[in-house]
Amino acid sequence: MQHVYLNGEFLPSDRARVSVFDRGFIFGDGVYEVIPVFGGRLFRLPHHLSRLDASLAAIHLRNPHTAQEWNTIFTRLLGKNETEDQSIYLQITRGVAPRDHAFPPNITPTVFAYAQPLKYSPPEELAQGVAAVTAADIRWQRCDIKAIALLANALLRQQAIDQGAAEAILVRDGVVTEGAASNIFVVKSGRLVTAPKGPFILPGITRDLVVEIARANSIACDELPVKIEMLRSADEVWLTSSTKEILPITRIDGQPVGSGKPGPMHARMFALYKEYKQAFIQGKAD
Ligand code: PDD
């Protein structure tokens with residue numbers, strides 16, 4: 001039986017109980033993080049914890065734990081499993097109170113976390129790339145908060161699946177924001193372009209790492225609005241996330257992207273990313 005962390009206890013998942021009056025259940029009033037674990041080490045933990053701080057501050061919740069306490073909780077959830085890559089899911093909701101939209105005073109947040117094996121993209125997806133569709137970005141204006149209320153994202157991802165694609169590329173006022181559960185990079189004439197941070201995208205940890213790696217290796221990388229025309233004429237398009245890493249998108253709305261195959265810039269960036277990951281596993285990078 002899988003063990004989970006709930007409000008200070010480690011217990012089998014079938015014994016973990018949350019009230020039906022939890023505001024996470026009633027209102028989707030909470031935030032979350034997904035942290036990959038490579039070689040038994042929490043990848044970019046300080047970055048995830050600082051994004052968690054930003055999400056909590058945005059919804060007026062105090063962080064219930066210090067970085068050291070989070071580390072202890074996650075490490076216990078991971079156990080001694082150092083061979084299999086995993087991911088930690090962490091969710092904090094405002095807590096339990098009679099239903100009322102306004103914040104109830106003095107309630108205790110509900111804190112829930114668990115570890116699970118990381119499901120990598122199958123090799124053929126990396127070799128051939130995946131299909132995506134474009135869709136109107138119907139979400140709200142605080143997409144920078146990693147909120148658990150993901151109905152719009154779920155509808156958009158399902159819209160993609162129903163059209164035989166892996167991801168929806170979201171477009172707001174003619175500009176690409178991000179994917180339903182990923183950030184988007186476009187490659188044009190040897191330059192990377194990705195949306196600037198702001199209220200319309202989640203500041204992805206993988207996105208930031210790709211930007212960092214590009215700059216460290218003199219690969220031109222702009223954080224600028226990606227117009228839909230730029231997406232349509234791109235040489236390469238990638239999606240990035242903690243669980244999908246850097247995945248080429250080779251068809252958009254049924255049309256090939258560039259040559260229709262993963263491009264040379266993806267090969268280069270993915271090699272650099274894997275090098276970084278290897279150094280991290282060996283304790284030579286954080
Ligand atoms: N989602 N944008 C959205 C809307 C996302 O949901 C995610 C990740 C990202 C990429 O962020 P990061 O690189 O930090 O994983 C961007 C996670 C993996 C999820 O909801 O499962």
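Everything quoted here is computed from the prediction, not taken from an experiment. One-based numbering, in listed order, for ligands and for the atoms of each.
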* Which salt bridge (charged side-chain N to carboxylate O under 4.0 Å, His left out) pairs, counting each pair once, include a residue from residues 2-27, with sequence neighbours left out? ->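 Of all non-adjacent pairs touching residues 2-27, those that pass salt bridge (charged side-chain N to carboxylate O under 4.0 Å, His left out) are Arg23-Asp29.
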* Contact list for residues 145-159, test salt bridge (charged side-chain N to carboxylate O under 4.0 Å, His left out), sequence neighbours left out ->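 Sorted pair list: Arg157-Glu167.
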* Quick one: does NZ or CZ of Arg94 land under 6.0 Å from the six-membered ring centre of Phe27, within 45 degrees of the ring axis? -> no
Closest protein heavy atom (residue, atom, distance) for [atom]:
atom: atom 19 (C) of ligand 1; answer: Tyr32 OH, 3.7 Å
atom: atom 17 (C) of ligand 1; answer: Lys146 NZ, 3.5 Å
atom: atom 18 (C) of ligand 1; answer: Thr243 OG1, 3.9 Å
atom: atom 10 (C) of ligand 1; answer: Asn183 OD1, 3.6 Å

* Asked: Which is it for Val34 and ligand 1 at heavy atoms under 4.0 Å: side chain, backbone, both or neither?
  -> side chain
* To do: For ligand 1, indicate whether the residue Asn153 contacts it via side chain, backbone, both or neither (heavy-atom separation under 4.0 Å).
  =>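 For Asn153, the contact with ligand 1 is made by the side chain alone.
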* Counting both backbone and side chain atoms, is some N or O of Thr240 under 3.5 Å from an N or O of ligand 1? ->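 N/O-N/O distance below 3.5 Å does not exist for this pair.
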* Taking only heavy atoms of Thr206, which atoms of ligand 1 are found under 4.0 Å from at least one of them? -> 12 (P), 13 (O)
* **Which of the ligand 1 atoms, numbered from 1, are nearer than 4.0 Å to a heavy atom of Glu178** => 2 (N), 3 (C), 4 (C), 16 (C)
* **Proximity flag Lys244 to ligand 1, non-hydrogen atoms under 4.0 Å** => no
* To do: Could you walk me through whether Arg51 and Asp53 pass salt bridge (charged side-chain N to carboxylate O under 4.0 Å, His left out), step by step?
  => CA-CA 5 Å; Arg51 184 172 65 185; Asp53 272 335; over 6 Å; no
* Asked: Given Tyr114, which of Tyr32, Tyr89, Tyr5 fulfils the ring-ring contact (aromatic ring centres under 6.0 Å, His included) condition?
  -> Tyr89
* Pick, from Ser241, Ser87, Ala180, Ala181, the option with the minimum heavy-atom distance to atom 7 (C) of ligand 1. => Ala181
* Asked: atom 16 (C) of ligand 1: which of Ser182, Gly204, Ser242 has the nearest heavy atom?
  ->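 Ranked by closest heavy atom to atom 16 (C) of ligand 1, first place is Ser182.
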* For a side chain to side chain contact (heavy atoms under 4.5 Å, CB included) with Trp238, tell me which candidate from Ile246, Val257, Ile184, Ile249 qualifies. =>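 Only one option passes, and that is Ile246.
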* **Ser87 and Gln116, any side-chain heavy atoms less than 4.5 Å apart** =>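 Counting from C-beta outward, Gln116 and Ser87 do come under 4.5 Å.
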* Do His48 and Glu33 get their side chains close enough for a donor-acceptor pair, meaning under 3.5 Å? ->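 Their side chains do contain a donor-acceptor pair, which is all the 3.5 Å distance test asks for.
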